[in-house]
Amino acid sequence: MADVTLIDALTMAMAWELEHDSRVLILGEDVGVNGGVFRATAGLQKRFGADRVQDTPLAEGMIAGISIGMAVQGMLPVAEIQFMGFIYPTVDQMISHAGRMRNRTRGRLSCPMVLRCPYGGGIHAPEHHSESTEAFFAHMPGIRVVIPSSPARAYGLLLAAIRNPDPVVFLEPKRIYRLNKQSVEDNGKALPLDVCYILREGSDVTLVTWGAMTYETLKAADQLAKSGVSSEVIDLATISPIDYDTILESVEKTGRLVIIHEAARTAGVGAEIAAIVAEKGIYDLRGPIRRVTGYDVVMPLFRREMDYMPSVAKITDTIREALND
Amino acid sequence: MADVTLIDALTMAMAWELEHDSRVLILGEDVGVNGGVFRATAGLQKRFGADRVQDTPLAEGMIAGISIGMAVQGMLPVAEIQFMGFIYPTVDQMISHAGRMRNRTRGRLSCPMVLRCPYGGGIHAPEHHSESTEAFFAHMPGIRVVIPSSPARAYGLLLAAIRNPDPVVFLEPKRIYRLNKQSVEDNGKALPLDVCYILREGSDVTLVTWGAMTYETLKAADQLAKSGVSSEVIDLATISPIDYDTILESVEKTGRLVIIHEAARTAGVGAEIAAIVAEKGIYDLRGPIRRVTGYDVVMPLFRREMDYMPSVAKITDTIREALND
Amino acid sequence: METIADFEIQYSQFLDPDGNASPDIPELARNTDALVDMYRQMTETRVFDTKAVNLQRTGKLGTYASCLGHEATHVGLAAAMNKDDVLAPSYREYGAMFCRGVTMSEVLLYWGGDERGSDFEGPRTDFPFCVPIATQCLHAAGAAMAFQLRGEARCAVSVNGDGGTSEGAFYEAMNIAGARKLPVVFIVVNNKWAISVPIELQTASKTLAQKAVAAGIPGIQVDGNDVIAVRHWVERALARARKGDGATLIEAVTYRLSDHTTADDASRYRKKEEVEAARKLEPLIRLRKYLTDLGLWDDDREKALLEQAAEKVDQAVQRYLNTPKAPVESMFDYMYAELPDSLEEQREHAMQYGDADGSHHG
Amino acid sequence: METIADFEIQYSQFLDPDGNASPDIPELARNTDALVDMYRQMTETRVFDTKAVNLQRTGKLGTYASCLGHEATHVGLAAAMNKDDVLAPSYREYGAMFCRGVTMSEVLLYWGGDERGSDFEGPRTDFPFCVPIATQCLHAAGAAMAFQLRGEARCAVSVNGDGGTSEGAFYEAMNIAGARKLPVVFIVVNNKWAISVPIELQTASKTLAQKAVAAGIPGIQVDGNDVIAVRHWVERALARARKGDGATLIEAVTYRLSDHTTADDASRYRKKEEVEAARKLEPLIRLRKYLTDLGLWDDDREKALLEQAAEKVDQAVQRYLNTPKAPVESMFDYMYAELPDSLEEQREHAMQYGDADGSHHG
Ligand SMILES: Cc1ncc(C[n+]2csc(CCOP(=O)(O)OP(=O)(O)O)c2C)c(N)n1
Ligand SMILES: Cc1ncc(C[n+]2csc(CCOP(=O)(O)OP(=O)(O)O)c2C)c(N)n1
Ligand SMILES: [Mg+2]
Ligand SMILES: [Mg+2]
């Protein structure tokens with residue numbers, strides 16, 4: 001039982017799988033000698049060799065494309081895209097092939113790959129280094145999308161993603177890579193890939209969020225608890241497919257729903273959650289479904305990035321409005 | 001006043017702009033001598049020359065990238081992507097540059113380009129030729145998304161798209177390219193880019209749809225009218241930004257909302273409409289917001305494609321359910 | 001100024017259009033069984049192709065991409081491969097796919113709008129048809145990397161067209177293959193046209209073989225209508241790859257004698273004369289002449305082969321036409337190894353409506 | 001077998017590391033004002049670069065990408081351009097941007113997290129910084145197409161790194177430039193490293209200049225630490241492009257003497273010795289020696305230049321540090337020519353919360 005950060009937990013999970021399954025390999029830009037620009041793969045090449053932890057040339061479409069080729073031929077590639085702002089060249093391969101190989105061949109072939117990518121803002125990074133575009137991948141049939149928000153979930157969900165027989169886009173909230181430590185047992189135990197997590201139980205309002213925003217959301221819940229507001233906080237964790245039973249049960253209990261995400265609002269994943277509840281849970285709702293999200297603008301350069309993002313204040317104010325319905 | 005099909009109207013609009021604005025040029029695969037695989041640019045190269053109607057090499061990322069370069073330097077490129085299944089290599093250029101040039105340079109530069117692309121299924125086409133992924137572009141800040149559903153709107157909206165000072169993704173419902181004719185005056189009059197159209201007034205239920213699905217939806221409305229159901233049918237037309245006032249007013253009147261689109265359900269544009277109404281119009285709703293959409297699967301090859309798509313039966317049944325709320 | 005690197009691109013042809021063999025014709029030209037077998041494959045492919053076009057014309061098949069004129073390139077490249085190598089085709093390499101063991105009815109099912117056409121009975125690990133141009137080049141590179149990592153003596157072969165050489169994916173695949181000495185052969189079928197775009201508009205590069213220079217791998221141009229040249233150079237490239245010496249790019253120069261697909265009308269953009277001239281160079285004539293000169297072929301054998309081929313094709317067509325639609329729910333059942341709960345409801349909805357209710361247009 | 005195409009890649013250096021001129025040194029080496037001016041630009045750039053790194057270390061600037069060692073390549077390429085040509089840079093070509101008229105405070109604003117850094121006062125039509133690797137190559141090709149269509153005698157110049165040559169966009173841009181004879185020059189700055197990935201892992205291609213062969217355009221490799229060679233060959237390429245003879249690829253070989261950015265620690269992946277060896281080849285030393293030998297330079301002049309440069313940089317830093325944050329709503333106000341109604345509400349929401357309330361982490 002070691003106390004580890006979220007990023008340490010990811011390294012542990014990759015090491016475990018490299019150790020226990022010879023089909024697993026890591027590839028990406030700077031993942032080898034350098035151990036990744038965020039150090040997620042630090043030490044892995046030294047330990048497992050340059051064949052199994054490979055530095056690739058600089059081409060994301062290539063990384064996705066060869067990962068598909070390898071996965072179809074029996075390997076379990078875990079590819080890293082350095083930042084979500086550079087994931088777009090992979091979109092064609094992911095939607096046109098990764099998500100289709102199994103269906104296209106009626107199960108003759110499959111594509112068990114993982115595309116890892118740090119995402120989100122708030123680290124004072126340069127342009128294109130703060131994107132949150134999980135909605136693109138959530139809209140792709142055949143692709144699973146997973147986002148951990150704690151060291152333990154990072155470990156268990158990444159193991160599950162690597163072992164899953166289908167392609168998984170695994171997005172890592174880099175703002176909380178090293179935010180805090182949690183004791184995680186390195187026991188190779190995976191977590192399920194289609195359940196969300198109730199981080200805090202409550203009865204007045206349901207707050208659905210994921211990734212780094214779980215922290216703003218929990219803080220908002222803490223603040224409001226002082227004034228007697230009981231919030232239920234749900235970490236979506238598996239963005240696609242969505243476990244909406246848990247969300248619907250919670251809304252049935254609370255009657256109020258606020259969705260918080262960092263991505264731009266329009267056609268974000270928050271809209272899907274709202275749509276599901278507006279269909280299946282509408283009679284449980286006491287008032288409007290509200291979203292606290294990034295705005296429909298380009299993520300500003302860092303002097304203004306925090307003004308773009310949902311903040312504790314924005315969240316608490318929105319919850320208060322909801323309570324007045 | 002000529003009676004023209006939707007695709008004729010697009011050709012007319014491009015011809016008008018080529019004629020009246022020397023900055024306009026058409027480019028894409030097979031758009032020149034061949035006049036486009038759907039003939040949308042038929043005759044334009046002969047009339048305006050190979051400089052202004054250019055056949056490009058086969059590379060969609062290149063087509064988007066050089067269009068951006070041209071637009072930034074004062075041209076008004078109208079690029080054709082042959083099918084939406086091949087639009088994915090443009091995603092990087094569209095989100096990383098087209099939608100950002102103006103903001104990134106504080107207005108010093110801009111990107112007045114149009115990316116035209118036939119989309120949607122139902123024409124018995126081969127694999128990858130039937131995609132409806134408008135949601136990707138709707139989620140990109142700085143990009144407008146427009147979908148016409150009649151010859152008149154095709155003409156007026158394409159003119160507006162070409163004249164718009166910002167990038168526009170213009171998606172063409174190819175299944176209805178030649179479905180029927182309408183008399184359209186070739187007068188260079190553009191339509192506004194952020195209003196939706198009420199195709200049919202009604203009081204019992206609001207049906208929001210776009211593209212080819214307007215036809216299934218209108219048919220469903222006709223059928224139900226026989227049993228006394230009064231449906232209001234709205235053609236969204238401008239997918240981004242969304243004119244939600246019209247939708248909210250309609251829901252205020254009808255109290256019921258059914259959204260119909262061909263794209264896969266999860267994180268589709270229908271979810272955004274549901275989310276907006278669940279926020280701003282919830283008190284007007286008498287029951288659940290329902291969606292009749294493509295399923296969250298890969299568009300099947302054509303023997304089964306119609307089973308994937310919303311049909312008049314699926315729509316009417318869903319509306320009947322809504323009426324029982 | 002000093003010269004720090006230089007490159008030469010070679011062209012190879014062993015059988016000229018009249019079936020005359022060049023003096024340096026390789027060993028395999030003496031393997032008469034192999035020659036006859038390739039001729040049979042090429043002929044069967046052509047008979048199949050003609051039939052498929054007719055099926056489309058009579059409404060019994062969807063849009064179909066003819067391979068007329070490509071038979072030598074397709075059969076030659078597959079004949080050079082080992083059974084356990086993998087092919088990453090694009091969409092018109094039937095001659096190659098048949099050699100690999102894909103059945104004619106599978107190809108018809110694919111163009112007939114049925115996914116089961118890609119569930120190849122024969123080559124279980126070959127990649128399926130690939131429509132997004134040049135994306136398969138990366139799959140081949142990835143497959144080669146898998147073989148290399150596992151220490152298997154297998155190779156991957158990808159096939160794309162002249163138009164495909166304009167896509168970034170094509171160069172990215174060659175570059176990683178070069179950097180890693182991957183056991184892969186990239187075959188570019190230069191049939192002079194990408195739908196309506198002639199090769200001259202596609203690139204300023206004088207040959208497509210020279211694009212290999214960008215990746216630091218060897219490139220060669222061969223007469224794609226000469227099955228001996230194609231097979232010989234692909235065999236050489238595969239042997240080299242298997243030895244661990246890395247990737248090769250082979251440009252096979254041929255001509256698309258048909259429309260791009262049955263949805264295309266090539267008369268809009270190219271001259272009859274050009275097509276007629278190209279027809280004289282087509283691959284079957286020269287091989288038949290050569291076999292005849294060697295006393296390995298005559299009219300009777302030809303007649304017998306054509307009958308046999310017609311019968312084989314008819315059987316495949318019957319199998320295809322007699323294949324009932326897959327059940328509606330099949331669109332869900334292969335999306336994931338395990339169907340997520342969230343899709344159950346949609347699956348039931350689809351089943352409830354069964355077949356399309358015909359409310360659609362066009 | 002016949003040879004159907006051959007290619008040679010040339011290397012050019014006029015000033016060796018010790019400042020000795022080769023006999024074939026071009027005309028421009030006699031333009032003493034030009035030489036001194038380039039030396040001044042290179043020196044100012046280096047002084048700026050050192051200062052920027054310090055600003056980051058002291059928390060006054062965000063992540064910054066140093067250009068240490070690239071000064072000759074950057075200044076040389078821009079010195080070769082006409083004012084009305086356009087530059088499509090990546091993110092570290094400050095020497096080039098300064099020559100083009102971008103101000104030092106603009107560069108600081110950009111790395112300081114302020115969009116106004118890309119609202120260049122000087123070169124209004126130059127492309128802004130471009131972070132997504134190699135995407136700018138296509139913008140340059142598009143710009144060149146615009147100039148060609150309008151019949152303007154202008155050229156576009158794009159700059160990317162050795163790593164950038166692995167991206168498909170780089171090849172797609174060269175290919176269209178070749179096919180259309182576009183007035184564009186592609187400059188590849190081979191500084192041997194792409195963050196931690198050495199050129200040997202990036203590609204098997206012996207030179208990066210030879211990648212031009214794939215597009216049928218000329219490619220040449222020059223010593224990127226020799227400002228005379230860089231400027232000369234870029235001038236030649238631009239003249240050729242202006243004449244309508246099309247695009248050129250120029251590989252400038254230099255070395256990244258700094259970490260990749262201030263967020264990087266190069267000691268993790270490369271040897272001190274390699275860096276020390278490269279330092280001996282850096283561009284300022286040799287030019288200073290050459291100028292000194294020509295009697296155009298001495299210690300007093302050097303001292304004066306350094307003081308002048310320091311002052312200029314300090315002024316820019318002050319301007320940068322004194323620039324207040326842009327208003328919150330500025331994140332909305334440049335998204336569209338006209339803000340859509342649907343964004344009004346979000347804009348007001350953002351304004352209501354004004355500055356960040358500090359509730360965030362990290
Ligand atoms: C990425 C992509 N863009 C466009 C298309 C549409 N398309 C199908 S075939 C084709 C031309 C391909 O030409 P080439 O590569 O020479 O192959 P050929 O058809 O001649 O065998 C085009 C543009 C496609 N399938 N994929
Ligand atoms: C498409 C893309 N992928 C990854 C990155 C992250 N990244 C920034 S710089 C860099 C290395 C670039 O190397 P090179 O092209 O040689 O340019 P250099 O930094 O050496 O000047 C990488 C991988 C990026 N900016 N864009
Ligand atoms: Mg072709
Ligand atoms: Mg570099």
Side-chain angles (χ1 to χ4, degrees), chain A residues 60-61 85-89 91-96 99-100 103-104 127-128 131 133-142 240-242 257 259 263-283 285 287-291 295-301 325, chain B residues 60-61 85-89 91-96 99-100 103-104 127-128 131 133-142 240-242 257 259 263-283 285 287-291 295-301 325:
Chain A
E60 291 71 19
F86 314 130
I87 206 168
Y88 308 118
V91 165
D92 185 31
Q93 286 285 348
M94 295 309 287
I95 190 172
S96 301
R100 296 183 200 220
N103 179 69
R104 172 189 284 149
E127 195 179 4
H128 301 280
E131 313 263 306
T133 43
E134 62 272 19
F136 291 158
F137 297 95
H139 191 52
M140 297 181 187
S240 174
I242 292 177
L257 175 61
I259 302 152
R265 170 168 311 187
T266 297
V269 172
E272 180 60 29
I273 295 165
I276 288 164
V277 174
E279 181 191 353
K280 302 181 186 309
I282 194 146
Y283 295 116
L285 288 169
I289 297 172
R290 292 184 166 77
R291 289 179 286 171
Y295 301 115
D296 290 315
V297 302
V298 172
M299 165 62 97
L301 294 187
D325 298 329
Chain B
E60 291 72 19
F86 313 131
I87 206 169
Y88 308 117
V91 164
D92 185 31
Q93 286 285 347
M94 295 308 288
I95 189 173
S96 301
R100 294 183 201 222
N103 178 69
R104 171 188 285 151
E127 195 179 3
H128 300 280
E131 313 261 308
T133 43
E134 62 272 17
F136 291 158
F137 296 95
H139 191 52
M140 296 181 187
S240 174
I242 291 177
L257 174 61
I259 302 152
R265 170 167 310 186
T266 297
V269 173
E272 179 60 29
I273 295 165
I276 288 165
V277 174
E279 182 193 353
K280 302 181 187 308
I282 192 145
Y283 295 115
L285 289 169
I289 297 171
R290 292 183 165 79
R291 288 179 286 171
Y295 301 115
D296 290 316
V297 302
V298 172
M299 163 64 96
L301 293 186
D325 297 329

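Quick note: numbers below take in every heavy atom, side chains included, and nothing from hydrogens, waters or symmetry partners. If you're wondering where the values come from, they're calculated on a predicted model, not measured in any experiment. In what follows, every chain begins at residue 1, and chains take the letters A, B, ... in the order their sequences are listed.
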**Student:** Quick one, A:Arg291 and B:Ile276 - any side-chain contact, counting heavy atoms below 4.5 Å?
**Tutor:**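 Counting from C-beta outward, A:Arg291 and B:Ile276 do come under 4.5 Å.
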**Student:** Start with the C-alpha distance between B:Val269 and A:His139, add both sets of side-chain angles, then the distance that settles side-chain contact (heavy atoms from CB on, under 4.5 Å), and finish with yes or no.
**Tutor:** CA-CA 10 Å; B:Val269 173; A:His139 191 52; over 6 Å; no
**Student:** Measuring heavy-atom distances to chain A, does B:Leu285 have an atom under 4.5 Å in its side chain, in its backbone, in both, or in neither?
**Tutor:**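 The side chain, not the backbone.
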**Student:** Between atom CD of A:Glu131 and atom CD1 of B:Ile95, what is the distance when rounded to the nearest 0.5 Å?
**Tutor:**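 CD1 of B:Ile95 is found 5.5 Å from CD of A:Glu131.
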**Student:** Nearest 0.5 Å, what's the CG-CD1 distance between A:Asp325 and B:Ile282?
**Tutor:**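 Interatomic distance, A:Asp325 CG to B:Ile282 CD1, rounded to 0.5 Å: 9.0 Å.
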**Student:** Examine whether an atom of A:Asn103 lies under 4.5 Å from a heavy atom of chain B, and if so say whether it belongs to the side chain, the backbone or both; otherwise answer neither.
**Tutor:**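 The side chain, not the backbone.
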**Student:** Chain B heavy atoms under 4.5 Å from A:Gln93: which part of the residue, side chain, backbone, both or neither?
**Tutor:**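 Contact with chain B: none, neither part.
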**Student:** Might you point out which heavy atoms bring A:Ala135 and B:Ala267 nearest each other, and give the distance in Å?
**Tutor:**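 Result for this residue pair: O-CB, 4.2 Å.
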**Student:** For B:Arg104, is it the side chain, the backbone, both, or neither that has a heavy atom closer than 4.5 Å to a heavy atom of chain A?
**Tutor:**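 Only the side chain of B:Arg104 comes within 4.5 Å of chain A.
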**Student:** Given that the side chain runs from C-beta out, which part of A:Met299 has a heavy atom under 4.5 Å from chain B: side chain, backbone, both or neither?
**Tutor:**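 Contact with chain B involves no heavy atom of A:Met299 at all.
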**Student:** Might you point out which heavy atoms bring B:Gly287 and A:Tyr283 nearest each other, and give the distance in Å?
**Tutor:**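 Looks like CA-OH, 3.5 Å.
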**Student:** With only heavy atoms counted, which part of A:Phe136 is less than 4.5 Å from chain B, the side chain, the backbone, both or neither?
**Tutor:**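 Answer is both: backbone and side chain atoms of A:Phe136 are under 4.5 Å from chain B.
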**Student:** Under a 4.5 Å heavy-atom cutoff, which of B:Ala274, B:Ala264, B:Ala138, B:Ala278 has the most pairs with chain A?
**Tutor:**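 Looking at each of B:Ala274, B:Ala264, B:Ala138, B:Ala278 in turn, B:Ala278 comes out on top.
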**Student:** B:Ile289 versus chain A, heavy atoms under 4.5 Å apart: side chain, backbone, both or neither?
**Tutor:**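 Contact with chain A: backbone and side chain both.
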**Student:** Answer with side chain, backbone, both or neither: which region of A:Glu127 has an atom nearer than 4.5 Å to a non-hydrogen atom of chain B?
**Tutor:**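 When you check distances to chain B, only side chain atoms of A:Glu127 fall under 4.5 Å.
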